[in-house]
There are 2 protein chains.
Amino acid sequence: MQVHKMRFETSTIKDIAKALGLSTSTVSRALRDRYEISAKTKKIVLAYAEQVNYKANPIARSLKERRSYSIGIIVSEIANNFFSQVINGIESIAYDKDYHVIISQSHESYKQEKLNVEHLASRSIDGLLIALSSETQDINYLKDLYAKGLPIVFFDRVPDNFETHKVIANNFKGSFEATEHLIYSGKRTIAHLTSSENLSTTKERLEGYKAALAKHNIEFNPQLVKFCQHGGMHSEELEQAVKALLPLNPDGIFISADRLTTGFIMALKKTNPELAHTIAIAGFTNSNLVELFSPSLTSVKQPAFEIGQVATELLISMIEAKRPITEFEIRILDTELVST
Amino acid sequence: MQVHKMRFETSTIKDIAKALGLSTSTVSRALRDRYEISAKTKKIVLAYAEQVNYKANPIARSLKERRSYSIGIIVSEIANNFFSQVINGIESIAYDKDYHVIISQSHESYKQEKLNVEHLASRSIDGLLIALSSETQDINYLKDLYAKGLPIVFFDRVPDNFETHKVIANNFKGSFEATEHLIYSGKRTIAHLTSSENLSTTKERLEGYKAALAKHNIEFNPQLVKFCQHGGMHSEELEQAVKALLPLNPDGIFISADRLTTGFIMALKKTNPELAHTIAIAGFTNSNLVELFSPSLTSVKQPAFEIGQVATELLISMIEAKRPITEFEIRILDTELVST
DNA sequence: TTGAAAGCGCTAACAA
DNA sequence: TTGTTAGCGCTTTCAA
């Protein structure tokens with residue numbers, strides 16, 4: 001453990017105080033730029049601190065201030081373009097405001113999600129940004145933490161029975177446009193492949209799909225809708241969906257999630273390659289590789305980076321709020337339809 | 001700030017001590033399972049702690065023990081399949097050993113990398129796992145930290161003048177096989193698109209490429225090799241490379257990095273779509289979407305997850321070593337050639 | 001086997 | 001404006 005001791009042989013506030021013949025509190029005040037302190041002493045302290053390359057020990061500060069300047073993030077998977085872009089947005093704001101982020105993955109498992117959240121909470125995060133796993137139904141553990149004072153902001157996959165800030169894409173509109181796009185290109189038998197019914201996104205996107213059909217007088221056929229409980233984490237799930245849908249002869253399909261979109265195309269190419277280029281595909285995906293895909297598809301892109309930014313701004317505002325917040329916002333950001 | 005105070009109204013060691021009429025040290029010993037302590041008291045303490053859902057405050061512990069049980073990770077981009085898989089491997093080991101991880105992205109910028117590392121160091125990470133940015137040449141700032149006692153393990157992009165553990169893929173062999181694969185399919189004018197010359201991976205992969213050419217008596221033509229200083233972060237870089245290579249009429253190309261591989265295909269499709277299916281492509285990529293690509297390609301897959309695992313095991317062994325380590329390992333893991 | 005006490009580095013109420 | 005002092009929650013030496 002010597003190694004460690006060594007590393008901390010950096011100067012502390014105490015060292016500076018001693019060297020300059022001041023008290024630690026004066027040094028602290030100079031460094032934190034707080035309270036009344038003479039410009040002169042401040043300058044001296046700052047100069048000396050600079051000279052000895054003083055770095056405040058964030059752990060000591062955290063212990064004293066009872067906060068860690070860190071925020072927790074829970075996503076299902078970082079190897080998912082949507083989420084990695086959201087994370088970039090989160091970081092862009094967090095680092096700016098001097099917070100650091102701790103990322104955890106639920107891998108679409110409720111158990112893992114709960115474990116991670118509790119682990120983060122015990123690590124004294126100051127706030128939590130979370131997109132629920134596709135398995136999650138019981139959010140009482142989050143309510144408990146929230147009640148104990150942990151600020152939480154939901155993004156993407158949000159619960160409806162939880163009063164706090166939420167940031168989502170305009171799922172209804174995005175789905176409506178994607179479905180309508182298929183209709184405009186002459187498709188009439190449009191299947192819909194989607195995630196677990198638990199997810200808010202699933203419900204909203206299903207509504208958009210239905211609305212587009214209704215607008216164009218196409219009867220809604222529940223058989224054309226297939227749910228994947230695990231969000232496409234397992235390829236069997238997708239192959240089964242393909243197998244169930246094809247007998248209905250769809251000429252188009254609208255897919256409601258990143259992993260499902262790519263997973264569906266893979267499953268289709270694997271099981272029925274001859275159909276890959278005959279079924280028109282429109283789906284949610286933030287992959288920056290869509291241009292390379294064959295068959296090509298029309299993609300609904302979510303403003304992932306912005307979602308991350310907005311969620312972080314809201315979270316930090318909650319963390320730094322002087323009084324409990326009672327008015328909550330649901331921010332809805334527009335998607336973009338991209339054809340290649 | 002009330003919000004915060006509230007959150008910490010969880011029981012502390014002191015509370016338990018008071019409730020049970022013991023001293024804090026006894027409670028601490030019981031909880032940490034240390035020193036001589038009577039089985040009886042231990043049981044009482046443990047039961048009570050369980051009952052009140054006691055959670056140790058990691059910040060207080062860190063301050064006292066001068067370590068944070070967290071490790072820092074620097075990658076260029078998490079939205080890169082290779083790196084996100086490495087991170088999954090890192091987490092699988094770290095969480096098991098009760099460390100948490102803090103991920104930072106350099107975005108291939110030396111300045112950002114240095115900033116992030118120093119930020120992490122000031123956050124008292126216990127160790128660092130890093131893949132250098134494509135811009136990085138001066139690693140003195142890392143040497144300084146290392147000299148001060150911060151354990152560091154390099155992976156993927158490693159420096160040659162730094163004595164510590166390193167974990168890499170067998171870049172030479174992977175490149176050799178990929179190039180040879182192109183040769184076996186009858187290609188003779190094989191271009192090579194690669195990253196910044198700074199990177200260790202660039203050098204090793206170039207050697208593999210050359211060796212395969214040599215084995216098959218194909219003369220090495222330096223003009224067929226193009227370096228991308230920014231690792232394909234900018235699309236212009238790639239379009240220029242395409243423009244420079246095509247006049248040489250390559251019938252195959254071997255590409256040495258994930259982002260370059262996908263970037264090159266995009267650039268080719270954009271500028272010379274008619275050639276997209278005539279040039280045989282082999283390239284490093286860990287994308288799980290290659291099956292969807294058109295044109296298709298032969299991919300060199302790195303054992304990313306394992307690289308993360310091994311690097312983390314080595315790092316934790318350094319962190320927990322009782323005495324300074326003097327023998328270092330370079331672990332080389334085999335790649336896999338996948339044709340679709 | 002247990003307790004008292006010091007101290008990790010920092011902040012902030014209170015006193016001067 | 002500055003200093004004194006207490007204390008955040010925990011671990012650990014020393015004494016009992």
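These figures come from a predicted structure and were not determined experimentally.
- Residue B:K64 places its side chain closer to C:dG7 than to any other of D:dT2, C:dG7, C:dT2.
- Listed by chain and number, the residues in a salt bridge (charged side-chain N to carboxylate O under 4.0 Å, His left out) with B:K43 amount to none (sequence neighbours excluded).
- Side-chain proximity of B:R29 to the nucleotides C:dC14, C:dT2, D:dG9 is greatest for C:dT2.
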Using distance only, find each side-chain donor-acceptor pair of residues 304-314 of chain B under 3.5 Å and give its atom names and separation, not counting sequence neighbours.
| from | atom 1 | to | atom 2 | distance (Å) |
| --- | --- | --- | --- | --- |
| B:Q309 | NE2 | B:S92 | OG | 3.2 |
| B:T312 | OG1 | B:G308 | O | 2.6 |

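- Counting only residues at least two apart or on different chains, the salt bridge (charged side-chain N to carboxylate O under 4.0 Å, His left out) pairs with a member in residues 99-116 of chain A are A:E108-A:R157, A:K114-A:E118.
- Among the atoms of the strands shown, base atoms are found under 4.0 Å from some heavy atom of B:S28.
- Ring geometry for B:H119 against A:Y95 counts as perpendicular: the plane angle is over 60°, on a 0 to 90° scale with 30° as the lower cut.
- Rounded to 10 degrees, the angle separating the terminal helix axes of the helix from C:dT1-D:dA16 to C:dA16-D:dT1, each built from five base pairs, is 40°.
- For A:T41 and D:dT2, the shortest distance from a side-chain N or O to OP1 or OP2 is below 4.0 Å.
- Closest to the side chain of A:T24, out of C:dT11, C:dC10, D:dT13, is C:dT11.
- Residue-to-nucleotide contacts include a donor-acceptor pair under 3.5 Å from the side chain of B:S25 to the base of C:dA4.
- You'll find that the side chain of B:T26 is closest to C:dT2, out of D:dC10, D:dT11, C:dT2.
- Atom CZ of B:R66 and atom C1' of D:dG9 are 16 Å apart (whole Å).
- Relative to the side chain of B:I13, the nucleotides C:dG3, D:dT11, C:dG9 differ in distance, and D:dT11 lies closest.
- In terms of position on DNA chain C, the residue among B:A60 and B:L22 whose nearest nucleotide sits closer to the 5' end is B:L22.
- By the salt bridge (charged side-chain N to carboxylate O under 4.0 Å, His left out) test, A:K42 is found to be paired with A:D33, residues two or more places apart in sequence or in another chain being considered.
- The salt bridge (charged side-chain N to carboxylate O under 4.0 Å, His left out) search around B:R123 returns none, not counting sequence neighbours.
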